[in-house]
2 protein chains.
Amino acid sequence: MGAAKETLGEEQPWAEVSPDAARRLLIAAVDAFAERGYHATTTRDIAGRAGMSPAALYIHYKTKEELLHRISRLGHDKALAILRAAADGEGTAADRLSAAVRSFVRWHAGHHTTARVVQYELDALSAEHRAEIVVLRRLSDAAVREIINDGVRAGEFDVPDVPGTTLAVLSLCIDVARWFDVGGRRTPDEVGALYADLVLRMVGAAQR
Amino acid sequence: MGAAKETLGEEQPWAEVSPDAARRLLIAAVDAFAERGYHATTTRDIAGRAGMSPAALYIHYKTKEELLHRISRLGHDKALAILRAAADGEGTAADRLSAAVRSFVRWHAGHHTTARVVQYELDALSAEHRAEIVVLRRLSDAAVREIINDGVRAGEFDVPDVPGTTLAVLSLCIDVARWFDVGGRRTPDEVGALYADLVLRMVGAAQR
DNA sequence: CACTTGCCTAAGCGCTTGCTCACCTTCAGG
DNA sequence: CCTGAAGGTGAGCAAGCGCTTAGGCAAGTG
């Protein structure tokens with residue numbers, strides 16, 4: 001009550017989802033999926049969290065799986081956009097890799113409930129939907145590999161195994177969604193800074 | 001048929017589980033949980049994979065959750081033993097950290113089906129069982145932190161944030177279970193070697 | 001031999017699941 | 001004032017769930 005429009009002007013998540021009821025259902029689903037997992041979440045639970053009857057869900061989404069797909073798609077779009085923005089940015093390869101890791105990790109920590117669904121519920125998608133998502137994931141991988149390759153070519157980085165290191169960097173960042181705890185001592189910013197430093201060390205970028 | 005005792009003499013997994021029927025059920029459960037997740041797996045599926053009727057499961061295990069708990073407990077015991085063996089081993093801190101990462105990663109890749117259940121189905125455990133497992137996880141964290149602290153004290157490592165780096169190292173290794181693919185190009189040994197190198201870089205250990 | 005014990009199955013109970021259907025309300029446009 | 005679309009509800013269906021029960025069979029023991 002009264003918290004309807006907290007910090008107005010801030011980039012509101014899920015703004016692209018309309019109408020309002022569909023967005024409320026989607027947000028409820030993100031919370032429920034993140035908390036219990038897709039298979040352990042019931043459609044009644046989602047509807048209940050959104051303040052609606054179970055049947056209301058099916059006015060806006062054909063199935064429970066379509067809800068997951070929508071969440072997964074939007075989340076992957078956002079994650080890819082973050083990485084591409086860093087890859088296409090200005091500065092040295094070290095600057096861009098640092099920026100990529102920092103913003104990517106910040107998103108996984110700050111939106112860890114969304115990220116958890118996006119990163120750990122891929123198996124619950126239908127074969128067609130999963131195939132669509134896998135394409136986006138390969139693009140994310142390409143964005144990071146691109147930066148690392150640039151750094152190697154420029155002599156900034158020392159990386160014996162570029163594909164393997166790319167995989168490790170992404171894996172490290174993604175797993176933040178699993179362990180990050182809002183009640184914990186670290187802020188998303190702090191984790192992002194720590195991880196950016198660790199990743200620069202992994203690629204052998206000369207420090208300071 | 002005939003494959004009953006393949007490569008006899010090799011350390012057989014789940015040898016500590018008896019009788020034979022209970023072990024077959026547990027192995028079937030590991031496969032099913034790893035493939036579909038705990039909640040998406042039915043007791044009929046587990047029993048079917050073990051070649052038994054659904055009711056047979058309840059002769060050996062009280063509930064489906066007890067099966068998960070047994071798997072999780074044994075897996076965490078094994079994971080902790082691997083880390084402790086490395087932490088208590090001989091050599092410099094760099095030697096021990098390298099050995100810890102190498103063997104820990106090798107286990108997560110080689111037994112990625114077990115590791116997936118162990119690492120990603122914690123939420124499906126009952127509150128009491130989860131509490132028991134969390135203790136083991138804290139001990140694993142302590143083992144790694146111990147090595148890193150040793151390295152810092154000896155001047156071998158340069159680590160500004162020991163708890164954060166410990167978390168990142170464990171996170172990196174654990175996430176191998178999520179992406180490792182048997183059909184992929186890398187063997188568990190290769191991933192272990194790559195990761196050991198990456199982690200030594202993360203802690204600033206002087207290379208060669 | 002009778003009897004217990006260990007291990008297994010067929011059948012099915014009670015409940016929850018994803019999803020549907022008949023119906024209701026609100027409201028803009030002619 | 002009537003109409004039709006949009007968005008919601010209560011009740012409930014068919015299927016599948018975790019788990020139980022009654023009973024069968026083989027092996028070991030007095």
Side-chain angles (χ1 to χ4, degrees), chain A residues 4 14-72 117 121-130, chain B residues 4 14 16-72 117 121 123-130:
Chain A
W14 308 120
E16 57 271 69
V17 182
S18 74
D20 183 69
R23 179 168 53 246
R24 271 159 50 218
L25 282 164
L26 189 133
I27 292 171
V30 168
D31 288 347
F33 292 163
E35 204 175 300
R36 312 214 226 283
Y38 174 80
H39 289 293
T41 299
T42 69
T43 54
R44 283 166 236 267
D45 183 23
I46 297 170
R49 285 178 193 239
M52 301 178 188
S53 77
L57 195 154
Y58 294 90
I59 294 167
H60 301 280
Y61 302 94
K62 276 208 293 285
T63 63
K64 177 181 157 189
E65 192 269 347
E66 188 193 309
L67 245 176
L68 175 64
H69 172 240
R70 283 273 235 283
I71 294 167
S72 196
V117 180
E121 300 289 355
L122 284 184
D123 292 343
L125 290 170
S126 71
E128 298 79 31
H129 286 161
R130 187 165 49 246
Chain B
W14 309 118
E16 57 271 68
V17 182
S18 73
D20 182 69
R23 179 169 52 246
R24 271 159 50 218
L25 282 165
L26 188 133
I27 292 171
V30 169
D31 288 348
F33 290 163
E35 205 173 301
R36 310 215 227 285
Y38 174 80
H39 289 293
T41 298
T42 69
T43 54
R44 285 165 233 265
D45 182 25
I46 297 170
R49 285 177 193 239
M52 299 179 190
S53 79
L57 196 153
Y58 293 90
I59 294 165
H60 301 281
Y61 303 94
K62 274 207 295 285
T63 64
K64 177 181 155 188
E65 192 268 347
E66 189 192 308
L67 244 177
L68 175 64
H69 172 240
R70 283 271 236 283
I71 293 166
S72 196
V117 180
E121 299 288 355
D123 293 343
L125 290 170
S126 71
E128 298 80 31
H129 286 161
R130 187 166 48 246

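These values consider heavy atoms only, across backbone and side chains, with no hydrogens, waters or symmetry-generated copies. Lettering follows sequence order; numbering is per chain, from 1.
Side chain of A:Tyr61 to backbone of A:Ala22: a donor-acceptor contact under 3.5 angstrom is found. Of the possible donor and acceptor atoms, one in the side chain of A:Glu65 sits under 3.5 Å from a partner among the backbone N and O of A:Ser126.
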B:Glu66 and B:Thr63: side chain to side chain contact (heavy atoms under 4.5 Å, CB included), yes or no, with the steps?
CA-CA 5 Å; B:Glu66 189 192 308; B:Thr63 64; 3.7 Å; yes

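Partners of B:His60 by ring pair (Phe, Tyr, Trp, His ring centres under 6.0 Å), not counting sequence neighbours: none found. A:His39 meets the ring pair (Phe, Tyr, Trp, His ring centres under 6.0 Å) test with no other residue; sequence neighbours excluded.
A straight line from CG of A:Asp20 to P of D:dA6 spans 17 Å, rounded to a whole angstrom.
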Counting primed atoms plus P, OP1 and OP2 as sugar-phosphate and everything else as base, spell out the protein contacts along nucleotides 8-20 of chain C at 4.0 Å heavy-atom distance: B, S or - for each nucleotide, 5' to 3'.
BBB-B----BBBB

